[in-house]
Amino acid sequence: MQTSETEMDIFQAILARRSVRSYTRQRVTHKAIMALLTGAARAPAVLHEEPCAFVIIQDRELLQNLSDHIRPLLSSLPETYDEVNIEAWHHPDFNLFFDAGTLIIICTRSTASFAEANCWLAAENLILAACGMNLGTCIIGAALPAMKTLELKPRFGIPDQFEAVVPIVLGWPRGETRRVPRKAPVIVNMIPSLLD
Ligand SMILES: Cc1cc2nc3c(=O)[nH]c(=O)nc-3n(C[C@H](O)[C@H](O)[C@H](O)COP(=O)(O)O)c2cc1C
């Protein structure tokens, strides 16, 4: 499926992808979202069991309100997520969803083994497809515990029988996104060794 003139091949997208934390106000169209969900739904899935399900929120005000509600609960976070340090998270203006216009929550209602793995594989398809369309994404793991609470789950529009697994913000990147240095793959063994 041709999605745009600037479409990248898959390996270019893998190398170009980074977590985007600053977005323009430009809306992501319904058509683009549907293309991304189609890509997500093609990910490997255990025994074609229960497919992942998606909640899509395109309401900046609601996301800001939810962020304001969740932020004070975030005392046990890791010290940093990339360049976003822990002090920034507690600043009154800090938006956990980076003021992105779209939040996609990948959910499951299955308790089968690997049901969550299905969602993560779908997430990677979605993230890479978005990158190929020059859209930015960032996984918002910090919001996940709140999405599972009885109080906030309905405010995120997650039906009772579903559980959130991967929250991803989506939007048009504002400016360049710095590349985070990544380590080389660690090979602990190779049989037979390529060196022989
Ligand atoms: C499970 C998971 C949860 C994450 N949660 C957050 C988050 O809550 N906020 C955030 O800004 N980034 C989050 N990230 C993004 C990582 O910080 C990011 O992938 C990492 O710093 C590497 O940078 P890169 O994605 O630009 O290569 C998360 C990533 C993963 C895999």
Side-chain angles (χ1 to χ4, degrees), residues 8 10-24 28 36 39-40 43-44 52 54-57 60 62-108 114-149 152-153 155-156 158 163-186:
M8 301 175 202
I10 189 75
F11 200 66
Q12 280 175 312
I14 288 170
L15 296 182
R17 184 218 57 81
R18 50 210 57 166
S19 295
V20 174
R21 297 183 176 88
S22 181
Y23 294 93
T24 70
V28 178
L36 295 178
C52 300
F54 303 91
V55 171
I56 296 122
I57 302 178
R60 277 200 163 83
L62 172 64
L63 291 177
Q64 179 69 63
N65 287 341
L66 289 165
S67 171
D68 291 344
H69 197 99
I70 297 169
R71 229 186 30 245
L73 314 172
L74 297 177
S75 50
S76 60
L77 272 175
E79 280 303 299
T80 63
Y81 267 121
D82 187 22
E83 75 269 30
V84 185
N85 64 43
I86 200 80
E87 281 159 34
W89 293 78
H90 293 284
H91 190 276
D93 293 336
F94 184 76
N95 183 322
L96 200 59
F97 304 106
F98 301 110
D99 209 20
T102 304
L103 173 70
I104 297 179
I105 308 169
I106 307 183
C107 305
T108 183
F114 301 119
E116 292 205 352
N118 285 356
C119 296
W120 285 103
L121 288 164
E124 185 69 349
N125 269 19
L126 187 152
I127 286 168
L128 290 176
C131 179
M133 293 161 69
N134 292 321
L135 281 160
T137 55
C138 187
I139 297 172
I140 309 295
L144 192 57
M147 288 176 185
K148 292 174 181 286
T149 62
L152 290 180
K153 190 174 166 176
R155 290 187 61 193
F156 278 99
I158 302 166
E163 280 296 335
V165 181
V166 195
I168 304 170
V169 289
L170 170 75
W172 295 101
R174 183 187 296 283
E176 287 292 303
T177 305
R178 196 173 62 81
R179 190 164 67 83
V180 177
R182 304 301 289 263
K183 297 189 175 74
V186 178

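Predicted, not measured: the structure shown is a model, and the values here were computed from it. First listed ligand is number 1; within each ligand, the first listed atom is number 1.
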Review point. Can you list the ligand 1 atoms lying under 4.0 Å from a non-hydrogen atom of Arg18?
Key: 26 (O)

Study note, to complete from the structure: One should read off an interatomic distance between Leu170 CG and Ile104 CD1, to the nearest 0.5 angstrom, of 5.0 Å

Check your understanding: Which ligand 1 atoms does Val180 reach within 4.0 Å, using its non-hydrogen atoms?
Key -> 23 (O), 26 (O)

Exercise for review: State the CD-CG distance between Gln64 and Asn95, to the nearest 0.5 angstrom.
Suggested key: 4.5 Å

Check your understanding: Under 4.0 Å from ligand 1, counting heavy atoms only, is it the side chain of Ala143, its backbone, both or neither?
Key -> neither

Practice item. Without swapping roles, check the side chain of Arg71 against the backbone of Phe94 for a donor-acceptor pair under 3.5 Å. Key: yes

Practice item. With heavy atoms of Cys138 as the reference, note each atom of ligand 1 found under 4.0 Å away. Key: 10 (C), 11 (O), 12 (N)

Check your understanding: Does anything in residues 94-105 pair up under salt bridge (Lys or Arg N to Asp or Glu O under 4.0 Å), and if so which pairs, sequence neighbours excluded?
Key -> Arg25-Asp99, Arg60-Asp99

Review point. Could you give the distance from CZ (Arg155) to CG (Asn65), rounded to the nearest 0.5 Å?
Key: 6.5 Å

Practice item. Under 4.0 Å from a heavy atom of Phe98: give me the atoms of ligand 1 that qualify, with their elements. Key: 11 (O)

Practice item. State, yes or no, whether a side-chain contact exists between Phe114 and Pro44 at a heavy-atom distance under 4.5 Å. Key: no

Review point. Could an N or O of ligand 1 be found under 3.5 Å from any N or O of Ala142, whether backbone or side chain?
Key: yes

**Study point:** Region of Trp120 engaging ligand 1 - heavy atom pairs below 4.0 Å
**Key:** side chain

Review point. Would you say Arg17 touches ligand 1, if touching means a heavy atom closer than 4.0 Å?
Key: yes

Practice item. Answer with side chain, backbone, both or neither: which part of Ile139 has a heavy atom less than 4.0 angstrom from an atom of ligand 1? Key: both

Review point. How many angstroms lie between atom CH2 of Trp120 and atom CD1 of Ile139, to the nearest 0.5 angstrom?
Key: 5.0 Å

Check your understanding: Do side-chain atoms of Arg18 reach the backbone of Ala16 as a donor and acceptor pair under 3.5 angstrom?
Key -> yes

Exercise for review: Would you check the N or O atoms of Gly141, main chain and side chain alike, for any that come under 3.5 Å of an N or O of ligand 1?
Suggested key: yes

Review point. Applying a 4.0 Å heavy-atom criterion (strictly less than), which segment of Arg182 is in contact with ligand 1: side chain, backbone, both, or neither?
Key: side chain

